[in-house]
Amino acid sequence: MAMVSTYCPQFSGLRRSCPKLDNAQSQSFVQHINSQLRLSSSRKPCRAVIAMAGSGKNGTKDSITKLVSDLNSAKLETDVDVVVAPPFIYLDQVKASLTDRIEVSAQNSWIGKGGAFTGEISVEQLKDIGCKWVILGHSERRHVIGEDDQFIGKKAAYTLNEGLGVIACIGELLEEREAGKTFDVCFRQLKAFADVVPSWDNIVIAYEPVWAIGTGKVATPQQAQEVHVAVRNWLKKNVSEEVASKTRIIYGGSVNGSNCVELAKQEDIDGFLVGGASLKGPEFATIVNSVTSKKVTA
């Protein structure tokens, strides 16, 4: 799993904030931007762009070694952060061999501190091997394993209180979309996080239309943007304007090297949750580097 975000010199939680400029510097900066880029008038400067990639249950020691080698040698944009989330049993292998340029995430964690919960992984164990992030609420955890909104929210709260970041997944089933319930589902899932998390400083929201995960189907850029802006507006109304502005909202659902550029151009798509394409080092690098499509040559 990998996460990338545009870099600005000062980091303030989820998004990076630009240093203040004096008038002369500001005018020079604006002139430079206007001459080089065409940006949406509603954009805020230094909006972070992130990408995530996960390998699910896939991988062997040899294939993980090859993928890590590809990532270590890949030319990645210098102004992006990258985080990978291999299966639990390979976390230590990846952490020991991966460049420090890339952080490591787990794909799930338990709701509390250890105990007799055979087969589960505690946040404390993840911290012990150097994980920085945990993915929670992924569609398979919800719809295959049976975790409900409140259970996932409590896991997120515990993870954040222990100092790790959370990639909070939301998204609707095909029948929910066809019934016109996409927003209702996403807002319900968001509320379960908002009701219990201590802060939004280390939360990234991943919108994953379940019907587009691993199916080859992908939401159009317009469909994805529609949900992303609705999620941001929900945060503005129900949490705060600051959280709405700072929180990174990424898209997941059959993202690949062919469709990432058009998706990344959308104003409120701050990156990607990548599945199968993350198993291919060169293609994943293409997705990471697609953040530059936020800048459109005039």
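Positions are given from 1, in the same order as the sequence printed here.
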Task: Inter- and intrachain pairs under ring-ring contact (aromatic ring centres under 6.0 Å, His included), touching residues 208-230, at least two apart - done: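 Checked against ring-ring contact (aromatic ring centres under 6.0 Å, His included) - neighbours excluded - the pairs reaching residues 208-230 are Tyr207-His228.
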Do [X] side-chain atoms and [Y] backbone N/O form a donor-acceptor pair below 3.5 Å?
{"X": "Asn256", "Y": "Asn259", "result": "yes"}
{"X": "Ser240", "Y": "Val243", "result": "yes"}
{"X": "Asp268", "Y": "Val231", "result": "no"}

Let me confirm one number: the [atom1]-[atom2] distance from [X] to [Y], rounded to the nearest 0.5 Å.
{"X": "Ile102", "Y": "Asn72", "atom1": "CD1", "atom2": "CG", "answer": "6.5 Å"}
{"X": "Glu140", "Y": "Gln107", "atom1": "CD", "atom2": "CD", "answer": "9.0 Å"}
{"X": "Thr247", "Y": "Ile250", "atom1": "OG1", "atom2": "CD1", "answer": "12.0 Å"}

TODO: Could you pull out all residues at least two apart from Arg188 that satisfy salt bridge (charged side-chain N to carboxylate O under 4.0 Å, His left out)?
DONE: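 Residues passing salt bridge (charged side-chain N to carboxylate O under 4.0 Å, His left out) with Arg188: Asp149.
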Open item on the list: Quick one, Lys191 and Asn238 - any side-chain contact, counting heavy atoms below 4.5 Å?
Closed with: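 They are not in side-chain contact.
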Open item on the list: Contact between Ile121 and Ser109 at the side-chain level, heavy atoms closer than 4.5 Å - yes or no?
Closed with: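 Ile121 does not reach Ser109 side chain to side chain.
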- [ ] Compute whether any side-chain donor of one residue and acceptor of the other, for Lys75 and Asn289, lie under 3.5 angstrom apart.
- [x]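 Checked: Lys75/Asn289 side chains show no N/O donor-acceptor pair below 3.5 Å.
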TODO: Dump the intermediate steps for salt bridge (Lys or Arg N to Asp or Glu O under 4.0 Å) on Lys66 and Asp70, then the final yes or no.
DONE: CA-CA 6 Å; Lys66 173 64 167 59; Asp70 287 345; 2.8 Å; yes
Open item on the list: Can you list everything that forms a ring pair (Phe, Tyr, Trp, His ring centres under 6.0 Å) with Phe88? Sequence neighbours excluded, please.
Closed with: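 With sequence neighbours excluded, Phe88 shows a ring pair (Phe, Tyr, Trp, His ring centres under 6.0 Å) to no residue whatsoever.
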TODO: Determine whether more than 12 heavy atoms belonging to other residues, nucleotides or ligands lie under 6.0 Å from atom CD of Glu242.
DONE: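 No, CD of Glu242 has 12 or fewer neighbouring heavy atoms, counting only those of other groups under 6.0 Å.
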